[in-house]
Structure formats: C-alpha cells, structure tokens
Amino acid sequence: MELSRKEALGLIGLSTLGLLYGTPVFAMKNRKKVAELNKLKPLKPITFNYPDEESPAILIDMGEPAYMGVGPRRSIVAFSSLCQHMGCPVQFDSKERLLVCPCHLSMFDPARGGVCIEGPAISRLPIVALEISGNDIFAVGIAQGVVYGRAKNF
Amino acid sequence: MDRREFLKASAISASLLPLVKLDEAHAFSLSAEEVPSEVELPPKDSEVYTTTCQYCMVQCGYKVYVWERGKGTKPSGSYTTALSGEWINPLFVSPAVKDGNKVYIAVVPDKECVVNKGDHSVRGGSNAQTLYTEERPHIVQKRIKYPMVRLKGKDSPLVRVSWDEAVAFVAENFEKIRKEHGPDALGMIFGDWLYTLSTYAILKFWFKGLGSSSYAGNGWFFDEESQGISVAFGSGTRSFTVEDFELTKLLVTAGTNLQANGSVWYHRFFLNNLSQGKAKHIDIDPRRTVQAQMAEKYGGLHLQIRPGTDPILAGALIRIVIEKDAYDKEFVKKYVSGFDNVVETVKLPKFSLEKASETTGIPKEKILKAAQLMIENKGKSMFLHEKGLIHQMCAFEAQHAYAVLGIILGNVGKPGACTSRAGGHPKGTFAWPDEPPSRKDNLDIYKALDKGKIKALWAFGCNIFKQMPSLTKYKPLMAKTFFVVSDRIHTEMDEAADVILPAATWGEADYILASEDRRVRILQKFMDPPGEAKPDWEHVVLIAKKMGIGGFNWKTPQEVWDEIRSQNDWIKEMSWEKLLQAGTNGLRYPMVNGKSPDRLYSDEMEALMGKRFFTKDNKIHVERIEVLKDFDPKKYEWGEVDEKYPLMAIDFRLNELWNTGYTYWDKPGVYERTIDAYLMINPADAKERGIKTGDWVVLVSRYGKCKAVARVTDAVKPGVVAMPALFPKPEQEFNYITRPTPTTDGSVDTMVAVEVYKV
C-alpha cells in the first residue's frame with residue numbers, strides 16, 4: 001500500500017483521547033501460546049490461528065508503543081486477520097505499517113487498536129489480547145469486536 | 001496581513017480550537033465506543049423486507065430482518081466463509097421499535113441482489129446504525145420528532161406545535177407572501193435523492209399548486225448537470241450496467257472517485273477485473289487517491305491533472321487519436337453527427353501535446369500512453385466522469401470533451417463499453433410537471449435571492465446551509481426569508497427556521513428509488529418513525545390541502561407512484577405489485593412490454609425501442625465541441641489566482657461521509673476515521689507557510705473562510721489544496737469559501753483561489 005504512514009494518520013484527523021471501558025476478563029480455557037519474545041523482529045509479523053483453527057490471526061511487533069501493546073516496549077499487538085468487511089485475510093504492509101485487505105482495500109492501523117482508516121470495513125479488526133509469561137506470548141481472548149464469520153468469539 | 005491581524009479579523013477564533021495536536025492524540029486515540037462482543041442472528045421466522053441502501057447511486061440491495069428481542073440465535077464457531085456475503089457484522093443489527101414492539105432489526109447486504117451480491121461500502125454497511133432507537137441517545141437527541149414553529153418572528157423561540165398548527169402556519173404565510181409578492185416570491189430547494197415520491201409531490205405543488213418557478217434542484221443552485229452528455233445522446237441517463245465493471249478492458253475515470261463514492265462498482269472492477277490483470281484503469285484526478293494508486297499499480301495511469309484543465313487534456317487526447325487515424329470510423333460514420341467540427345477544433349495549437357502537457361501539468365509521455373491505452377481498448381472502455389468536472393466553471397466543456405473522446409473511440413452501448421456520467425446520488429425524479437411560464441426569466445434562484453425577491457424558502461430534504469455554494473454570501477440571505485425546513489435531523493438550519501417539519505426517513509415509510517444503472521426498487525417500511533414524523537410527500541399533501549389546492553388527494557405511496565408512472569413511458573408498466581415482487585433486483589427502465597435493455601444506445605435498445613439514441617434524428621451529436629475553441633482556463637477560476645490567493649482549492653468526497661453527513665455521527669466505527677475535516681497540502685506549500693500535519697489551518701478566499709486540520713502530503717501537487725466537501729461541522733464547511741460567480745451555463749462552482757494560514 002502506498003498510502004504513507006503520515007497520511008494515514010492525517011486521515012484520522014484529531015480523535016478524542018479516549019479510554020477503553022473496563023478490562024475484559026479472559027477465561028483460562030481460551031489461553032494459547034502463539035509466539036516467543038526472543039524470536040520476534042520488529043515489523044515482521046507472525047501468523048497463528050485464534051480463537052480456533054478456522055480463524056487466522058496475526059501478531060506484529062510494531063517497534064514502538066501501540067494500543068494494548070505488550071512486551072518491554074508495549075509494542076506487540078495481535079488481531080484477527082479476517083477482514084471485517086467480507087472476510088478476506090488482511091496482509092501486513094511493513095512500509096505503511098498497515099494491515100491491508102487485498103480484496104476490497106480496507107486498511108487497518110495495528111498501532112491504534114485496528115481502527116479502519118480507509119475502505120469498506122465498518123468496524124475495527126478484533127484485537128487478540130496478549131499476555132507475556134517469561135519468553136512466551138499467549139493469546140488470552142478477544143478484547144474487541146467479533147471475529148468475521150461468527151456470532152460470538154467463543 | 002500578518003498572522004495576528006488575520007486571527008483578529010477571522011470569524012473563527014483560535015480559542016475555539018482543540019488543544020491537542022495530532023501527534024499527541026494519535027497514539028492511543030480510540031474513541032472507545034463499546035464494540036459489541038456478540039450478536040443475535042435473525043431467527044428463521046423473522047419478518048423479511050427488501051430495500052436498497054439509503055445512500056449513493058449504486059443502490060445496493062439489502063434484506064431487512066425483524067424479530068422479537070431475545071428470539072434470535074447465537075451459533076458457536078464460524079458459520080460462513082470469506083466473500084460469501086453471509087456474515088452478519090454485529091453492527092448490521094440494531095434495536096428498534098416496530099408496531100409498538102421492541103424488536104431487533106438486521107440490515108444485511110443482499111447476496112441475491114445482482115448489484116452488490118452481498119457486498120457493501122463503508123456507508124451502506126452501517127445503515128443499521130442510523131436507525132432510530134431509544135438505546136442510542138445521540139440519535140434520539142438529533143432527530144426531529146415533532147413539528148416546531150417560531151410563532152413571532154426570527155427572535156422568538158422554536159416551540160413544539162401540533163401538525164395542524166404547523167401546517168396552518170405555513171399555509172397562512174405562503175398565502176400571504178403569494179398575494180403580496182406573487183408566486184415566484186416562494187422559493188424551494190429540494191434534494192432529489194430524497195425518494196421519487198416526495199420529489200414528485202413537491203415539484204407538482206410548486207409548479208402547478210403554487211405556480212412558482214423559483215426553485216433549485218439537487219440541493220444546489222441548479223439542476224442540469226448532464227448537459228455535456230445530453231447534447232450528445234439526447235439524455236443524461238447513465239447508459240451502462242453494473243456487470244460492465246467486470247467486462248471492461250479499460251476504465252477511464254475523470255473527476256469521479258468510484259472507490260469512495262460508488263464503492264461497490266469499484267469493488268467489482270478491482271477484485272474481479274483490475275487486480276486479476278484483465279483490465280487497466282486510467283484515473284484523471286488532481287489528487288493521488290487510493291484508486292489512482294491502484295490504477296498505477298496494475299499497469300494503468302494516474303493523470304494528476306491541474307484542476308480545471310480537463311477540456312485541454314481531452315482535446316489533446318482526441319487530437320492524438322485522430323492524428324493516428326485510430327478512431328472508430330465505422331461507428332462515427334454510422335452514428336455520429338458533427339465529427340468535422342471535432343477535427344477542426346482540436347487542430348488549435350492549445351491542443352498540441354506540448355501545450356496540453358504545459359497547461360494540464362501532465363507529462364507528455366503519460367498523455368501519449370493514455371492515448372495508446374485508449375486506442376488499444378477502443379470499443380471496450382468505460383468512460384465515466386462526475387462532479388469533479390461538473391462543479392467547475394468549465395463543466396460543459398470538460399464533460400462534452402470527454403464524451404466526444406469516448407464516442408469517437410466507439411465506446412457506446414457495448415458490453416464493458418460506455419461514455420456516461422458515473423452519478424452521485426440515486427435517481428429520484430421520473431416525472432417533471434410543467435413549470436410555470438415565468439421560469440424562462442427566473443432560472444437562477446440565487447439571483448432572485450440576491451435581489452431580495454425570495455420571501456419564503458422551503459428546504460425540502462436537503463441542508464441548504466451546507467450544500468449551497470458561497471454560503472458566506474447566501475446563508476444570511478436565505479436565513480432572512482420565511483424559512484421552512486422538512487428534514488430528519490436538527491441541523492444548523494434550526495437557527496433560522498421559522499418552521500421545522502419532521503420527516504420519516506429510510507425504513508420508516510415506503511419509498512421508491514432507482515440506481516444509476518436504471519433499477520427501480522421499493523424501499524419497504526420496516527419500523528416505526530419516531531414521534532410524529534411523516535414521509536416528506538405527506539408534508540406537501542397537508543399544506544396543499546390546507547391552502548385549498550386540488551390534486552393532492554393521495555392516501556398511500558402507491559397512489560403517488562401510480563400518478564408518476566402514468567406520465568413516464570419508461571416506467572409505466574412498473575406497478576407497485578410488480579416492483580414488490582421484483583425485490584432487491586427491481587425492474588429496469590426503459591421498460592417496453594416487460595423487457596428492458598441492459599445498456600442504452602445498444603443493438604438491444606434499438607430492437608426494443610425502435611431507436612438507438614434519444615436525439616430527434618437518432619444520431620449522436622458532437623457539434624458543440626466547438627465551445628472548446630474559446631476555452632482558456634485563465635478565463636475561469638484560474639483567473640482569480642494571484643499573489644494574495646495563490647493556491648487553488650478543490651473539494652472531494654470522503655468515502656465514509658455521505659452527502660451532508662446527516663447520519664455521519666450515528667456511526668462511531670465510521671466517523672472515528674475522520675473527526676475533523678482535513679486539508680491536503682503539498683509539502684512545498686506547507687513548508688512555505690510553516691504548516692505541519694495536524695496543525696489547524698484556515699482557508700481564506702475572496703468569498704469567505706473555513707478551517708481544517710492540515711495533512712501535508714504529496715498526494716496533491718504544489719499550488720493545489722483539497723478539502724472534503726460537506727464535512728458535518730459548521731466551521732469546516734468548504735462552501736463558506738466557494739465562489740458566487742455563475743459559470744457560463746448559470747451554475748455555481750466549487751473551485752476557488754485561496755490562501756492558507758496556520759492558526
């Protein structure tokens with residue numbers, strides 16, 4: 001995607017400084033190891049399936065603090081990678097730092113909670129909540145939204 | 001004027017501006033609206049209704065499911081796959097009230113509709129979020145639910161009254177004004193996307209009932225936007241069919257950003273054609289949009305044109321095509337009248353490659369490559385254009401020049417080939433009652449406003465405090481009149497309104513609309529309107545009856561429709577029952593003996609209708625290309641660019657924002673993209689003015705001021721700045737700076753010389 005990062009932010013204009021209401025409580029049965037800290041490289045995404053084998057997800061170290069980021073720099077985030085528009089898997093554009101859907105060009109910003117900045121999607125990408133234990137990164141739940149194709153996440 | 005002086009003189013006070021800068025705000029700036037974590041799906045025994053989207057000309061089909069809250073299903077796991085059109089996004093579902101019962105309503109893009117096949121845009125996908133429900137206080141607050149009247153003049157408060165009182169108040173004032181000043185003192189501006197039935201009702205009332213010729217259509221100062229096309233084909237009606245986006249070999253778009261308005265058409269082109277390597281795209285736009293980037297990525301072109309120079313580009317392309325002897329000779333010989341004028345006109349030096357490149361700012365090799373692509377794909381290309389051209393002073397010249405280019409290459413009436421407007425809003429007008437004779441000397445309502453001749457104004461389903469050009473000048477003039485508003489929401493028009501009438505909107509009454517690929521459909525009522533809101537056509541009926549004017553005895557929407565279709569041969573066979581039966585696919589016009597051509601100006605049309613074109617002699621006319629001989633961009637908007645106003649400002653549509661944004665703030669997942677209007681400005685121009693991305697800036701033209709957040713980007717060229725049209729915050733309205741100078745054909749445009757100041 002050739003939309004520059006700066007422009008993408010410009011598209012948003014000034015948003016109100018907000019808070020995520022409450023902290024979701026995640027069930028232990030939904031906990032799944034998805035990555036290891038020492039193997040992560042900034043802007044090199046890894047993929048996994050979550051909340052089940054039919055549902056691809058993507059984890060990225062954004063290299064700088066990100067909304068709901070974990071890790072030493074609060075920079076690691078993960079999302080359901082099924083586009084909220086019609087379910088095509090989004091791809092990470094490391095130059096633009098955006099998740100882009102190849103089908104209809106919805107673009108989501110992983111640093112800002114998966115907010116859609118352009119294209120037909122009407123909702124943010126669902127955030128996969130992460131926890132770190134030693135060197136292991138666990139997916140522990142969906143912190144926002146419903147994964148494409150479902151009526152509920154679990 | 002230095003910055004301090006400017007701020008002092010500016011109507012927009014710096015103290016009103018937010019303190020947070022973009023950089024401070026961006027990192028964790030979620031607006032934190034609660035996103036649902038699960039959703040109830042419609043049960044098998046839901047009531048099902050058919051409708052179309054409430055927004056653009058594509059008119060995607062939607063199915064609406066209504067069920068008692070708690071009776072739906074919540075299956076576990078995934079129940080569908082990608083691109084199936086079966087997933088119900090939790091935001092497709094809204095609580096609402098139907099027949100007094102609390103229900104859930106799911107508004108789902110219809111996978112059985114041939115237009116969208118389950119797809120949706122960001123605008124239409126969020127249709128359900130606009131439904132009136134007590135659960136969403138911001139919607140409750142902004143909807144107009146009861147008639148309101150300012151009984152004792154502009155300084156008295158708006159008070160709630162009964163429908164009877166409001167109607168009597170309007171009737172009495174209209175009658176008084178008509179008696180004292182004549183019928184033309186009554187002015188009316190309508191939004192003709194406002195559903196066929198209401199548009200017909202207001203036009204009949206205005207022309208035949210009141211006898212007034214003071215009106216403007218389309219929420220604008222004029223209503224003829226198709227002249228450059230209609231002089232050629234005898235009609236401005238769009239000629240293509242939605243499937244053409246998948247069949248075409250070359251899409252040429254000029255001044256129309258389909259990705260952002262007409263999205264589902266673009267999706268079909270992009271996903272099934274362009275990105276598969278089956279077609280190319282030439283996008284002609286002063287801005288480097290997503291669509292422009294994709295055109296280049298897949299082997300086509302972005303011609304980043306200097307705004308207002310389209311007639312020169314089109315003329316140069318025509319000249320190359322003729323010089324290479326590459327036009328469709330058979331087609332031209334058989335169907336085109338006036339080709340000699342074309343040959344003669346483009347011979348002028350200003351249409352040489354060299355000169356055209358200089359004027360348009362497009363490199364010569366790109367113009368040549370564009371011509372080559374057009375020649376290679378003659379007879380297989382879609383030439384589409386829209387408001388980017390139409391809202392310029394050179395509207396006619398540009399529209400007609402592109403039309404001629406498309407026509408001489410034989411792109412008319414074939415699969416994947418057309419020369420047409422793209423469209424903006426759905427078609428809302430099928431019958432046009434005879435206008436009073438006074439119309440011939442009363443074409444421009446803004447002139448009458450200027451002279452103080454308009455004593456009353458009815459804003460009928462449009463926000464004229466946003467949509468009209470040159471608001472700085474005309475808003476006060478409009479506000480002085482006896483001002484009646486028929487609308488769904490409270491807007492800035494409240495400040496001046498003498499009467500506000502609550503309108504029942506999409507889903508709250510039966511309506512009819514047509515897509516611009518000529519599909520007529522019923523938009524069914526599926527829920528209760530709030531308070532005492534009524535369909536707009538009923539507002540007309542009540543006032544006409546109160547004034548004792550006959551011919552307004554309709555009791556049902558079907559009766560209005562029957563009167564409309566009796567006056568238009570294209571739709572006369574489309575009874576209410578047949579339309580209901582046709583569901584989301586609707587019936588297509590023109591319809592003859594149950595059949596309709598997929599494309600206008602085609603063999604199919606000729607076989608069905610006995611003629612190929614709507615012109616009297618059944619030919620395409622290109623004689624008026626001659627107007628290009630006198631065309632010089634400097635005579636128009638560019639003539640106002642000088643040291644004091646060195647930048648040319650243009651406006652554009654935001655993908656997520658429809659029209660005046662009357663539903664924009666209903667949709668958190670949509671408006672969080674763009675909380676404030678932004679100004680695209682080139683790094684060179686920004687640097688000169690000390691402007692950085694995220695700074696608030698003020699645009700100043702000779703005609704007024706507005707503000708925006710700067711977005712420094714090379715997506716616009718030096719010397720050109722661009723701002724979203726109709727952004728729904730009052731001070732961020734581009735129309736405050738647009739020009740009051742009418743164009744050659746009597747319209748008013750939105751391109752204007754400005755200076756930009758950091759605040």
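Atom set for the values below is all heavy atoms of this structure, side chains included, hydrogens, waters and symmetry mates excluded. Throughout, protein chains are lettered first and strands after them, A, B, ... in sequence-line order, and every chain is numbered starting at 1.
- Only the backbone of Thr81(B) comes within contact range of chain A, with heavy atoms under 4.5 Å apart.
- When the candidates Thr73(B), Leu83(B), Leu41(B) are compared by the number of heavy-atom contacts under 4.5 Å with chain A, Leu83(B) comes out ahead.
- Only the side chain of Gln259(B) comes within contact range of chain A, with at least one heavy atom under 4.5 Å from a heavy atom of that chain.
- The CG atom of Leu271(B) lies 6.5 Å from the SG atom of Cys88(A); values are rounded to the nearest 0.5 Å.
- For Ser78(B) against Glu54(A), the heavy-atom pair with the smallest separation is CB-OE1, 3.2 Å.
- Taken from OG in Ser123(A) to NZ in Lys667(B), the straight-line distance is 12.5 Å, to the nearest 0.5 Å.
- Contact check for His104(A) versus Val264(B): no side-chain heavy atoms found under the 4.5 Å cut-off.
- Closest approach of Asp119(B) and Met86(A) over heavy atoms only: OD1-SD, 3.5 Å.
- Counting heavy atoms from C-beta on, the side chains of Lys152(A) and Ser76(B) come closer than 4.5 Å.
- Between His267(B) and His85(A) there is a side-chain heavy-atom pair separated by less than 4.5 Å.
- In this structure, Pro36(B) and Val146(A) approach most closely via the heavy-atom pair O-CG2, 3.7 Å.
- Closest heavy-atom contact between Ala82(B) and Gly87(A): CB-O, 3.4 Å.
- Closest heavy-atom contact between Val122(B) and Ala121(A): CG2-O, 3.6 Å.
- For chain B, the nearby parts of Ile122(A) are the backbone and the side chain; heavy atoms of each come within less than 4.5 Å.
- Shown here is Lys74(B), whose NZ atom has more than 12 heavy atoms of other residues, nucleotides or ligands within 6.0 Å.
- Only the side chain of Pro90(B) comes within contact range of chain A, with at least one heavy atom under 4.5 Å from a heavy atom of that chain.
- Proximity to chain B is absent for every atom of Pro51(A), based on heavy atoms less than 4.5 angstrom apart.
- Atom NZ of Lys111(B) has 12 or fewer heavy atoms from other residues, nucleotides or ligands within 6.0 Å.
- Listed by chain and residue number, nothing satisfies the ring pair (Phe, Tyr, Trp, His ring centres under 6.0 Å) test with Phe108(A) (two or more places apart in sequence, or in another chain).
- The side-chain heavy atoms of Thr80(B) and Tyr148(A), taken from C-beta on, include a pair separated by under 4.5 Å.
- Within the 4.5 Å cutoff, the side chain of Gln84(A) has heavy atoms near those of the Trp87(B) side chain.
- Only the side chain of Phe270(B) has a heavy atom closer than 4.5 Å to any heavy atom of chain A.
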